[in-house]
Novice: 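Before we start, here is the structure in question, set down as structure tokens.
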Amino acid sequence: MIHFVRNIIITLLLALPLSALAQSSNQWRDIHKVKRHETVFGIARNYDITIDELLDANPEMREKGYELKKGDQIFIPYSKNSKPAVQSKTENAKQKEVAPAGPSVVRVGVMLPFLDHSSEGTRMVEYYRGVRAALDTLSKEGIKTEVNLWNINKDSVLTKVLAHNPSIAKQNIILGPLYTSQVHTLAEFCRKNNVALVMPFSIDADDATTNPNVFQIYQSDSQLAGRSIGAFIERFAKTHRPIFVNTNTPQDGKYAFTKALRETLQSRGIKEELTDINTPLREFAKHFSQTQPNVIILNSAAYKPLERLFEKLDSLKKIDPSLIISTYGYNEWFIYQPNLEKDYFKYNVHIPTTYYFSRTSDRVEDFERDYKNRYGQGMNPDCLPRMALLGYDHTMYFVRGMSKYGRSYVGNEKQNTGFKPLQSRLEFKRLGKGGYQNTNFQIIRFKTDGTMDSLTY
């Protein structure tokens, strides 16, 4: 069924026995999207591989009547002849004198569901494209890498994949898996073979607390809620009047957070105000202080309630322009920034988060332009954080660290690699005698003077 592989990556809708593919020993160097007027010969030449090597990686190309079409996704294999040059003993001796603690070639294994039938597959392909962009950047910096892909979907039997692919044990870093049920098997494999397992996405497994080879980037909702509450107390509790605005939309999922924040304030003897988005303006205004700054906490992360809140605040400010108002928000509000940015600055919006990318940053603009030129489309605008930027930041962070420090790299502030992320700051703390978890947390602040800054905690 390999005949359909290139089309599945585009549509993620065609039927294919994915577990068989996941357990195969195929390793790919890249996934290439065919551009207009490209030929098999030209693609092979650009990647410095033979035509036969390209055809072997994509058997459907050998079939009678096959035509290479714009938009096709094809696998790019490693060249069978791309072996490191043999060096003399003198050269080896010189290299040992200046060699970093890390490996001369950092091997990165990516084990994610690229061929999943749902939107997960699309997100994982975008994430991998970010990985590829990072490896290109690292190559320009003189850091040698090798990337290997294994399609690991929800039904993959990971024990068989690991048993049938001995090269997995030779990776220095593995990015994945996506599913909690696969974590323990892969984590124990990485412990046994001293491979760094970087888990990029939300995982409920607790292997990071017991396995020193695990790096967990994700922070749970309860952890982030606790840190958001702590940051609120530190920044606003002593100086601002907290005003909770009910939206009557429990499906938006922020009732638990606002309830916990109110209880925390009450336990500290801090008086808070409670009102409703539908309260008449005259009554609504009574909850605001004219002698101290006010901070609003909306119990919704949805667009419509937020838009209505800003409209109500506009009406309120017409009555009393002297009111000082800040707003404490949620990650989801980044999605609405293009439409509501003027209000974010006007009402001093604070968003507690683990990530942020500036659309006006030269580096982000360059990345977006290169991404679109290479793949013929931009990153998914409805996905936050951006998957390609995640893949880029994660790869840059860990490959640089591995190249410099080897397996002694633990991703803390003492081991500086000089990398400035495009979207996701990373800083890891060890969990007891186990692995490591990203502890980065920040508040992105939209200031009333039209500037922005990041408050790191």
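Residue numbers start at 1 and run along the sequence shown.
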Novice: I need the Tyr336 OH to Asp343 CG distance, nearest 0.5 Å.
Specialist: 14.0 Å
Novice: Judged by atom type as modelled, is there a donor-acceptor pair below 3.5 Å linking the side chain of Asn58 to the main-chain atoms of Phe75?
Specialist: yes
Novice: Can you tell me how far the OG1 atom of Thr417 sits from the CE atom of Met402, to the nearest 0.5 Å?
Specialist: 12.0 Å
Novice: Verify salt bridge (charged side-chain N to carboxylate O under 4.0 Å, His left out) between Lys254 and Glu332, making sure each step is shown before the conclusion.
Specialist: CA-CA 11 Å; Lys254 300 303 178 183; Glu332 292 88 340; 3.5 Å; yes
Novice: Should the ring pair Tyr371 and Tyr375 be called parallel, tilted or perpendicular, given that the plane angle runs from 0 to 90° and is split at 30 and 60?
Specialist: tilted
Novice: Is the side chain of Arg123 donor-acceptor paired with the backbone N or O of Tyr127 at a distance under 3.5 Å, no angle test?
Specialist: no
Novice: Can you label the angle between the Tyr392 ring and the Phe367 ring as parallel, tilted or perpendicular, going by 30° and 60°?
Specialist: perpendicular
Novice: Identify the two heavy atoms, one from Val195 and one from Ala169, that lie closest to each other, and give their separation to 0.1 Å.
Specialist: CG2-O, 3.9 Å
Novice: Under the salt bridge (Lys or Arg N to Asp or Glu O under 4.0 Å) rule, what pairs show up with a residue in residues 180-194, not counting sequence neighbours?
Specialist: Glu188-Arg191
Novice: Can we call the ring centroids of Phe398 and Phe215 under 6.0 Å apart?
Specialist: yes
Novice: Pro200 and Gly176: which non-hydrogen atoms are nearest, and at how many Å?
Specialist: CD-N, 3.7 Å
Novice: For the NZ atom on Lys346, are there more than 12 heavy atoms of other groups (residues, nucleotides or ligands in this structure) within a distance under 6.0 Å?
Specialist: yes
Novice: Would Leu340 and Leu306 satisfy side-chain contact (heavy atoms from CB on, under 4.5 Å), going step by step from the backbone distance to the final call?
Specialist: CA-CA 9 Å; Leu340 299 176; Leu306 181 59; 3.8 Å; yes
Novice: Would you confirm whether Ser403, through its side chain, and Val399, through its main-chain N or O, come within 3.5 Å as a donor-acceptor pair?
Specialist: no
Novice: Test your reading of the model: is there a side-chain donor-acceptor pair from Asn193 to the backbone of Phe189, 3.5 Å cut-off?
Specialist: yes
Novice: In a table with atom names and distances, give each donor-acceptor pair under 3.5 Å that connects a side chain of residues 225-235 to protein atoms at least two apart or in another chain.
Specialist:
residue : atom : partner : partner atom : Å
Arg227  : NH1  : Gln219  : OE1          : 3.3
Arg227  : NH1  : Thr439  : O            : 2.5
Arg227  : NH2  : Thr439  : O            : 3.1
Ser228  : OG   : Leu224  : O            : 2.8
Arg235  : NE   : His350  : NE2          : 3.3

Novice: Can you label the angle between the Tyr397 ring and the Phe428 ring as parallel, tilted or perpendicular, going by 30° and 60°?
Specialist: tilted
Novice: Answer whether the closest heavy-atom distance between the side chains of Asn165 and Trp150 falls below 4.5 Å.
Specialist: yes
Novice: Can you name the residues that form a salt bridge (charged side-chain N to carboxylate O under 4.0 Å, His left out) with Arg369, not counting sequence neighbours?
Specialist: Asp366
Novice: I'd like to know whether Tyr347 forms a side-chain contact (heavy atoms from CB on, under 4.5 Å) with Ile296, so could you lay out the CA-CA distance, the side-chain angles of the two residues, the decisive distance to 0.1 Å, and finally the verdict.
Specialist: CA-CA 9 Å; Tyr347 296 112; Ile296 295 175; over 6 Å; no
Novice: Leu112 and Tyr128: side-chain contact (heavy atoms from CB on, under 4.5 Å), yes or no, with the steps?
Specialist: CA-CA 9 Å; Leu112 295 169; Tyr128 171 68; over 6 Å; no
Novice: Is the shortest heavy-atom distance from the side chain of Leu390 to the side chain of Gln423 under 4.5 Å?
Specialist: yes
Novice: Any side-chain heavy-atom pair from Thr210 and Lys433 closer than 4.5 angstrom?
Specialist: no
Novice: Would you find more than 12 non-hydrogen atoms of other residues, nucleotides or ligands less than 6.0 Å from Lys154 atom NZ?
Specialist: no
Novice: Please confirm whether the backbone N or O of Leu426 pairs with a side-chain atom of Asn440, one donor and one acceptor, at under 3.5 Å?
Specialist: no
Novice: Can you check whether Pro421's main-chain N or O pairs, donor with acceptor, with Asp393's side chain at less than 3.5 Å?
Specialist: no
Novice: Just jot down the salt bridge (charged side-chain N to carboxylate O under 4.0 Å, His left out) partners of Glu341, sequence neighbours excluded, or say none.
Specialist: none
Novice: If you measure from the Lys or Arg side-chain nitrogens to the Asp or Glu carboxylate oxygens, is any gap between Arg129 and Glu126 under 4.0 Å?
Specialist: no
Novice: What's the spacing between Gln216 CD and Gln437 CD if we round to 0.5 Å?
Specialist: 5.0 Å
Novice: Show your reasoning for whether side-chain contact (heavy atoms from CB on, under 4.5 Å) applies to Tyr66 and Asp72.
Specialist: CA-CA 12 Å; Tyr66 173 82; Asp72 281 354; 3.7 Å; yes
Novice: Flag the pair Glu120 / Thr122 as yes when at least one side-chain heavy-atom distance between them is below 4.5 Å, and no otherwise.
Specialist: no
Novice: Could you tell me which non-hydrogen atom of Arg386 sits nearest to which non-hydrogen atom of Pro381, and how far apart they are?
Specialist: NH1-O, 3.3 Å
Novice: Strictly distance-based, threshold 3.5 Å: is any side-chain N or O of Glu146 a donor or acceptor partner for the main-chain N or O of Val106?
Specialist: no
Novice: For the residue pair Asn153 / Ser156, report whether a side-chain donor-acceptor contact shorter than 3.5 Å exists.
Specialist: yes
Novice: Any carboxylate oxygen within less than 4.0 angstrom of a Lys/Arg side-chain nitrogen, looking at Arg62 and Asp56?
Specialist: yes
Novice: Can you confirm whether the side chains of Thr247 and Asn299 place a donor and an acceptor under 3.5 Å from each other?
Specialist: yes
Novice: Using atom types as modelled and distance alone, determine if a side-chain donor or acceptor of Ser361 lies under 3.5 Å from a backbone N or O of Arg363.
Specialist: yes
Novice: Return the OG to CD1 distance between Ser424 and Ile217, rounded to the nearest 0.5 Å.
Specialist: 8.0 Å
Novice: Check Pro212 against Arg430 and note the closest heavy-atom contact, atom names and distance.
Specialist: CB-NH2, 3.6 Å
Novice: What distance separates Leu431 CG from Asn211 CG, expressed to the nearest 0.5 Å?
Specialist: 11.5 Å
Novice: Listing request: all salt bridge (Lys or Arg N to Asp or Glu O under 4.0 Å) pairs with a residue in residues 131-141, at least two apart in sequence or in separate chains.
Specialist: Asp30-Arg132, Arg132-Asp136, Asp136-Arg374, Glu141-Arg400
Novice: Which heavy atom in Arg407 sits nearest to a heavy atom in Ala196, and how many Å separate them?
Specialist: NH1-CB, 3.9 Å
Novice: Could you pull out the closest heavy-atom pair between Val34 and Ile74, with the gap in Å?
Specialist: CG2-CD1, 4.3 Å
Novice: Which residues pass the side-chain contact (heavy atoms from CB on, under 4.5 Å) test with Ser202, sequence neighbours left out?
Specialist: Tyr218
Novice: Taking the side chain as every heavy atom from C-beta outward, state whether Trp333 and Val349 have any pair of such atoms under 4.5 Å apart.
Specialist: yes
Novice: Looking at Glu307 and Tyr303, would you say the former's side chain and the latter's main chain have a donor-acceptor pair under 3.5 Å?
Specialist: no
Novice: I'd like to know if the side chain of Thr185 and the backbone of Gln182 have a donor-acceptor N/O pair within less than 3.5 Å.
Specialist: no
Novice: Report yes if the distance between the aromatic ring centroids of Tyr344 and Phe446 is under 6.0 Å, otherwise no.
Specialist: yes
Novice: Would you indicate whether the side-chain heavy atoms of Phe334 and Thr353 approach each other to under 4.5 Å?
Specialist: yes
Novice: Can you tell me how far apart CD1 (Ile297) and OG1 (Thr327) are? Round to the nearest 0.5 Å.
Specialist: 9.0 Å
Novice: Taking the side chain as every heavy atom from C-beta outward, state whether Met379 and Glu368 have any atom pair closer than 4.5 Å.
Specialist: yes
Novice: Measuring only between side-chain heavy atoms, which start at C-beta, is Ile351 closer than 4.5 Å to Tyr356?
Specialist: no
